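Below, chain A is the first sequence line, B the second, and so on; all start at residue 1. Quick caveat: nothing in here was measured; it's all calculated off a predicted structure.
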There are 2 protein chains.
Amino acid sequence: MGETGKSDARQRNQTRFWLSVLRLHSDIFAELNKRMQDEVGLSLAKFDAMAQLARTPEGISMGQLSSALKVSNGNVSGLVTRLIKDGLVIKAMSTEDRRSFSARLTDSGEQKFLMARDAHNSILADILQQVPDEDLTAANTALREILEEMHAGDALG
Amino acid sequence: MGETGKSDARQRNQTRFWLSVLRLHSDIFAELNKRMQDEVGLSLAKFDAMAQLARTPEGISMGQLSSALKVSNGNVSGLVTRLIKDGLVIKAMSTEDRRSFSARLTDSGEQKFLMARDAHNSILADILQQVPDEDLTAANTALREILEEMHAGDALG
DNA sequence: TTGACTTACTTTACATATAAAATTATCCAT
DNA sequence: ATGGATAATTTTATATGTAAAGTAAGTCAA
């Protein structure tokens with residue numbers, strides 16, 4: 001005995017941490033996604049894609065978009081198809097490489113993104129309204145630290 | 001001026017927090033899900049459902065399972081169907097209420113869950129191997145605090 | 001009892017995600 | 001130039017998730 005004691009405490013700590021992250025993500029995501037859909041007609045997936053496109057007004061390739069969003073190529077393919085159907089995004093064939101496509105926001109997409117960004121901020125403010133600044137700051141410090149440590153290794157694929 | 005100063009800092013704090021939660025969730029989820037699939041042939045969705053079923057060996061109704069997992073009824077319906085096809089779960093019609101079904105793990109499901117739980121713990125340990133105990137503890141404290149504050153209101157639906 | 005409501009669950013239509021195969025275009029060594 | 005490897009993207013099959021409609025069973029007032 002004694003050998004497993006420290007290990008078990010560590011394991012409980014890890015599990016507690018993961019459960020907290022899961023719970024926070026699930027609670028915030030559900031509310032934010034639902035209200036974004038209701039208030040501006042955009043899912044978070046679409047909003048995230050548009051946010052990346054807004055950062056690169058000159059256009060961005062499907063592959064780069066997929067890397068930036070950290071989702072699969074196939075997923076981006078469908079997402080962009082739906083955004084095009086919504087009239088928010090356009091795709092142009094690259095002049096240099098005919099395999100490649102450059103996507104960017106339409107004018108209407110740009111306008112919608114600006115409204116959506118404001119809505120996103122104010123919904124998040126609602127969700128976190130009971131959380132004091134110092135608690136947010138403490139969490140930010142702790143989470144940034146853990147993200148850095150996780151990627152120092154890098155145990156992640 | 002002066003009016004928006006505090007508000008903007010708060011907003012940045014909120015956004016930073018949400019981005020950190022998103023990133024942590026995405027990084028850990030992707031790795032944990034993939035390795036659980038590779039090493040024990042279970043997605044996290046299936047593992048989570050089995051964990052709940054393991055907690056209630058006497059059986060649990062579809063509706064209670066859906067509440068416990070915080071996912072929709074329709075989702076649980078499909079998830080349980082797939083787990084039954086895998087031979088890990090069985091469903092029996094309730095004797096009191098013929099609308100209701102009680103789901104529980106099969107013997108094979110119980111055994112698989114015990115292995116899966118060990119795998120889950122050790123994969124999580126791998127992912128967090130570079131994170132010192134005190135950093136996990138600090139994050140746990142900060143996150144629990146925020147979860148409580150969020151649900152104090154309750155701004156969440 | 002009957003008829004209205006509620007409850008438990010499934011089904012359907014769709015969005016979002018992955019992995020793997022398919023497609024098409026480019027590049028490079030010969 | 002040709003042929004084989006590589007690269008960018010789409011397509012397909014499947015899992016996971018929601019919301020909304022559908023089905024069937026229980027409840028309860030009159």
**Gap between atoms CD and C1', on Glu31(B) and dT18(C) respectively (whole Å)** = 15 Å
**Prompt:** Salt bridge or not for Lys34(B) and Asp38(B), using N-O below 4.0 Å?
**Reply:** yes
**Request:** State whether Arg98(A) places a side-chain N or O below 4.0 Å from either non-bridging phosphate oxygen (OP1 or OP2) of dT26(C).
**Result:** yes
Tabulate below the donor-acceptor pairs under 3.5 Å that side-chain atoms of residues 40-53 of chain B make, not counting sequence neighbours, or state none.
| from | atom 1 | to | atom 2 | distance (Å) |
| --- | --- | --- | --- | --- |
| Ser43(B) | OG | Lys46(B) | N | 3.1 |
| Lys46(B) | NZ | Asp86(B) | OD2 | 2.9 |
| Gln52(B) | OE1 | Arg55(B) | NH1 | 2.6 |

**Prompt:** The side chain of Asn73(A) lies closest to which of these nucleotides: dT11(C), dT10(D), dA8(D)?
**Reply:** dT10(D)
**Prompt:** Backbone N or O of Glu58(B) within a donor-acceptor pair of the Thr56(B) side chain at under 3.5 Å?
**Reply:** no
**Asked** Where the side chain of Phe101(A) is defined as all heavy atoms beyond and including C-beta, which of dA8(D), dC9(C), dT9(D) is the nearest nucleotide?
**Response** dT9(D)
**Request:** Drop me the distance from Ser77(A)'s OG to Lys91(A)'s NZ, to the nearest 0.5 angstrom.
**Result:** 5.5 Å
**Fill in**
Sorted by position of nearest nucleotide on DNA chain D, 5' first, the leading residue of Lys34(A) and Ser77(A) is Ser77(A)
**Prompt:** Checking all strands, does Ser61(A) fall into the base, sugar-phosphate, or nothing category for heavy-atom contacts under 4.0 angstrom?
**Reply:** sugar-phosphate
**Asked** Over how many whole Å does the gap from Met36(A) atom CE to dT18(D) atom P extend?
**Response** 19 Å
**Asked** Does Lys91(B) put a side-chain nitrogen or oxygen below 4.0 Å from OP1 or OP2 of dT10(C)?
**Response** yes
**Message:** Side chains of Ser66(B) and Asn75(B): any donor to acceptor distance under 3.5 Å?
**Reply:** no
**Prompt:** Backbone N or O of Met36(A) within a donor-acceptor pair of the Glu39(A) side chain at under 3.5 Å?
**Reply:** no
**Prompt:** Hey, does the side chain of Ser100(A) come within less than 4.0 Å of dA25(C)'s phosphate (OP1/OP2), counting only N and O?
**Reply:** no
**Message:** Measuring from the side chain of Arg99(A) (C-beta onward, heavy atoms only), which nucleotide among dT10(C), dT6(D), dT10(D) has the closest atom?
**Reply:** dT6(D)
**Request:** Would you kindly give the CE-to-P distance between Met62(B) and dA24(D), to the nearest whole Å?
**Result:** 19 Å
**Prompt:** At what distance, to the nearest 0.5 angstrom, does CG of Leu124(B) lie from CZ of Phe17(A)?
**Reply:** 9.0 Å
**Request:** Side chain of Asp97(A) only, please: which of dG26(D), dT10(C), dA8(D) is the nearest?
**Result:** dA8(D)
Please list each protein N or O that sits under 3.5 Å from an N or O in nucleotides 12-17 of chain D, with the distance.
| from | atom 1 | to | atom 2 | distance (Å) |
| --- | --- | --- | --- | --- |
| dT16(D) | OP1 | Ser43(B) | OG | 2.3 |
| dT16(D) | OP2 | Arg82(B) | NE | 2.7 |
| dT16(D) | OP2 | Arg82(B) | NH2 | 2.8 |
| dG17(D) | OP2 | Asn75(B) | ND2 | 3.4 |
| dG17(D) | O5' | Asn75(B) | ND2 | 2.9 |

**Request:** Take the protein atom CG of Leu69(A) and the nucleotide atom C1' of dT18(C), then report the distance between them rounded to whole Å.
**Result:** 15 Å
